[in-house]
Number of protein chains: 2
Amino acid sequence: MTEAMGGPLAIRPDYPEALWIQARKLIVAEITSGALEAGRRLPPERELCQQLSISRVTLRKALASLVEEGVLMPSHGRGWYVAAGGASVEREWPNSLESFTETAARMGLEPSSKILRSEVAPGTYDEAEELGLAPGTPLFVLERVRLLNGVPIAVDRARVPAFLDDRFLEPDYTVESLYERLAEAGVSLAHAETTIEAQKADAEVAESLDLKEFDPILAMHQLVIDDAGRRVLVSDIRYSGERYRLRTTFSRSMR
Amino acid sequence: MTEAMGGPLAIRPDYPEALWIQARKLIVAEITSGALEAGRRLPPERELCQQLSISRVTLRKALASLVEEGVLMPSHGRGWYVAAGGASVEREWPNSLESFTETAARMGLEPSSKILRSEVAPGTYDEAEELGLAPGTPLFVLERVRLLNGVPIAVDRARVPAFLDDRFLEPDYTVESLYERLAEAGVSLAHAETTIEAQKADAEVAESLDLKEFDPILAMHQLVIDDAGRRVLVSDIRYSGERYRLRTTFSRSMR
DNA sequence: AAGTGGTCTAGACCACCCC
DNA sequence: GGGTGGTCTAGACCACTTA
């Protein structure tokens with residue numbers, strides 16, 4: 001439709017969304033629509049600024065955010081280029097912190113859960129230390145088998161400081177997303193310190209995931225921190241090695 | 001010795017390093033030195049600008065880069081805070097693409113390699129497709145056992161388009177870093193699309209890593225892309241499940 | 001020499017938090 | 001209402017690429 005970034009791309013200064021995010025979406029749209037193919041050069045920054053009616057600083061904020069995701073590549077003195085995998089904007093599993101529910105939605109599969117444990121109990125010494133609480137502080141413990149289209153994929157053991165809100169016990173976590181409940185409670189997740197390793201399935205996990213003991217599993221441990229810097233969730237997820245593949249993008253830092 | 005951000009932090013406008021990077025380093029220094037503890041609030045932006053003699057835009061670029069690494073947390077209307085794990089600035093490089101050699105250096109261990117294969121050979125169909133080359137295009141294949149302090153940690157099978165430079169064959173990859181050779185050849189690595197899964201060790205890998213067959217391994221597949229958007233390296237690394245733990249930070253995107 | 005990205009500035013206005 | 005971060009602008013100068 002629009003010739004490559006030539007059309008009247010509309011940015012609305014009054015719209016309650018940052019201009020650079022609007023700009024970002026318009027650029028992504030140009031790429032996913034095919035108007036800008038992988039390897040092609042974008043119009044010069046100063047030209048884009050005019051087309052979008054935004055300042056260069058704002059435009060560059062949008063462009064920078066797309067570099068981080070590997071969609072664009074800047075080349076000093078030459079221009080901005082659509083990266084090799086540029087068309088993959090939608091396909092891609094972004095390197096974001098994502099709930100199981102969100103992952104499932106993106107892949108077009110039906111998530112569900114079987115609850116193994118759901119209660120408030122005193123935290124262990126290690127749990128308390130990791131969450132920065134006194135040992136024995138009550139934690140909400142939610143242990144679930146996570147399934148996609150009915151196939152068991154992982155066992156997830158999540159622990160949340162119980163002081164957050166009693167209403168955490170109420171929802172039916174067979175279908176509800178813990179992340180969404182946290183969001184509703186005003187907890188805005190920021191980032192997660194994560195370790196990942198390969199282990200053998202123990203008897204318990206093998207049972208839950210319908211595996212043989214000693215089958216390989218991907219063990220992911222996460223400490224999730226919210227916008228206020230509070231340690232808010234500790235989670236251990238053991239994925240079936242055969243049924244799950246983690247996808248992410250690593251960037252070279254400080255260039 | 002400087003009281004929290006009160007001392008004469010020196011930024012040199014003539015120094016050949018971006019001001020925001022200098023600012024960033026000074027802030028990190030305040031944190032690692034203990035002058036700014038986890039949870040503490042930073043001086044207001046406008047005050048920091050004066051102290052550092054830089055503009056607010058530039059300061060915010062430094063601050064933003066530290067948010068991405070989980071070192072600082074902004075709070076609208078309240079201030080900037082040192083994140084819970086603030087002292088961890090040195091420990092890890094979240095989400096960074098790092099060579100085995102660099103990882104070893106960061107951990108204070110001695111890296112070495114045993115070469116299993118080092119030759120130019122036509123790529124398989126899959127390899128060619130992933131690198132965006134014609135099937136059969138010659139690739140430089142380097143397969144090594146990677147060791148830390150003499151202990152085998154992983155088997156790494158790297159493939160680089162051979163057209164890059166013949167000199168790739170010359171170095172002694174028992175000690176040399178492939179990443180460094182690439183850098184010298186003018187290839188500047190930008191990011192890597194990565195998949196991670198748990199598998200069983202096959203006989204070959206078990207042999208190389210001194211494991212039993214069927215022991216769990218962490219299999220990481222990477223397609224590395226350079227600054228120019230060229231697909232430059234495909235790598236399969238199989239880590240011993242017991243001797244390796246991947247550590248990273250996932251961020252919640254688009255806040 | 002012209003074109004293009006990279007960095008930086010000074011100043012403005014808004015939204016949120018807390019008193 | 002005053003303090004603080006969040007966003008945006010217009011313009012300047014530098015460094016790299018290409019011809």
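Worth saying up front: this structure is predicted, and the values here are computed from it rather than measured. Proteins come first, then strands; the chains are lettered A, B, ... in the order of their sequence lines, and each starts at number 1.
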Enquirer: Roughly how many Å is it from CG in A/Leu42 to P in C/dG6, rounded to a whole number?
Expert: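 After rounding, the reported distance stands at 12 Å.
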Enquirer: Is there side-chain contact between A/Arg40 and A/Tyr81, with at least one heavy-atom pair below 4.5 Å?
Expert: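 Heavy-atom side-chain distance check fails, nothing below 4.5 Å.
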Enquirer: Can you check the B/Leu72 CG to D/dT4 C1' distance for me, whole Å?
Expert: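 Rounding to the nearest Å, CG of B/Leu72 and C1' of D/dT4 are 15 Å apart.
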Enquirer: Between B/Arg60 and B/Trp80, is any pair of side-chain heavy atoms under 4.5 Å apart?
Expert: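 Yes - at least one pair of side-chain heavy atoms lies under 4.5 Å apart.
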Enquirer: Can you confirm whether B/Val224 sits close enough to B/Val234 that some side-chain heavy atom of one is under 4.5 Å from a side-chain heavy atom of the other?
Expert: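 Counting from C-beta outward, B/Val224 and B/Val234 never come under 4.5 Å.
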Enquirer: Just to verify, what does A/Glu130 make a salt bridge (Lys or Arg N to Asp or Glu O under 4.0 Å) with, not counting sequence neighbours?
Expert: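 Scan of A/Glu130 (salt bridge (Lys or Arg N to Asp or Glu O under 4.0 Å), adjacent residues dropped) gives none.
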Enquirer: Could you give the CG-to-P distance, from B/Leu66 to D/dG5, as a whole number of Å?
Expert: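 It is 15 Å, rounded to the nearest whole Å.
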Enquirer: Do NZ/NE/NH1/NH2 and the carboxylate oxygens of A/Glu127 and A/Arg157 come within less than 4.0 Å?
Expert: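 A salt bridge is present here (some side-chain N lies under 4.0 Å from a carboxylate O).
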Enquirer: Heavy atoms only: give me the nearest B/Arg159-B/Leu131 pair and the separation to one decimal.
Expert: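 Heavy-atom minimum between the residues: O-CD1, 4.4 Å.
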Enquirer: Please list, for nucleotides 8-10 of chain C, all pairs of protein and nucleotide N/O atoms separated by less than 3.5 Å.
Expert:
residue: C/dC8; atom: OP1; partner: B/Leu19; partner atom: N; Å: 2.2
residue: C/dT9; atom: OP2; partner: B/Ser55; partner atom: N; Å: 2.7
residue: C/dT9; atom: OP2; partner: B/Ser55; partner atom: OG; Å: 2.8
residue: C/dT9; atom: OP2; partner: B/Thr58; partner atom: OG1; Å: 2.6

Enquirer: Can you list the steps and then say if B/Gln222 with B/Ser235 is a side-chain hydrogen bond (donor to acceptor under 3.5 Å, both in side chains)?
Expert: CA-CA 5 Å; B/Gln222 292 194 309; B/Ser235 163; 5.0 Å; no
Enquirer: In whole Å, I'd like the distance from the CG atom of B/Leu52 to the P atom of C/dT7.
Expert: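 Those two atoms, CG and P, are 18 Å apart.
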Enquirer: List every contact pair, protein side and nucleotides 2-4 of chain C side both N or O, where the distance is under 3.5 Å.
Expert:
residue: C/dG3; atom: N2; partner: A/Gly77; partner atom: O; Å: 3.1

Enquirer: Evaluate the side-chain contact (heavy atoms from CB on, under 4.5 Å) criterion for residues B/His221 and B/Ile237: first the C-alpha distance (whole Å), next the side-chain angles of each, then the deciding distance (0.1 Å), finally the verdict.
Expert: CA-CA 6 Å; B/His221 178 86; B/Ile237 313 183; over 6 Å; no
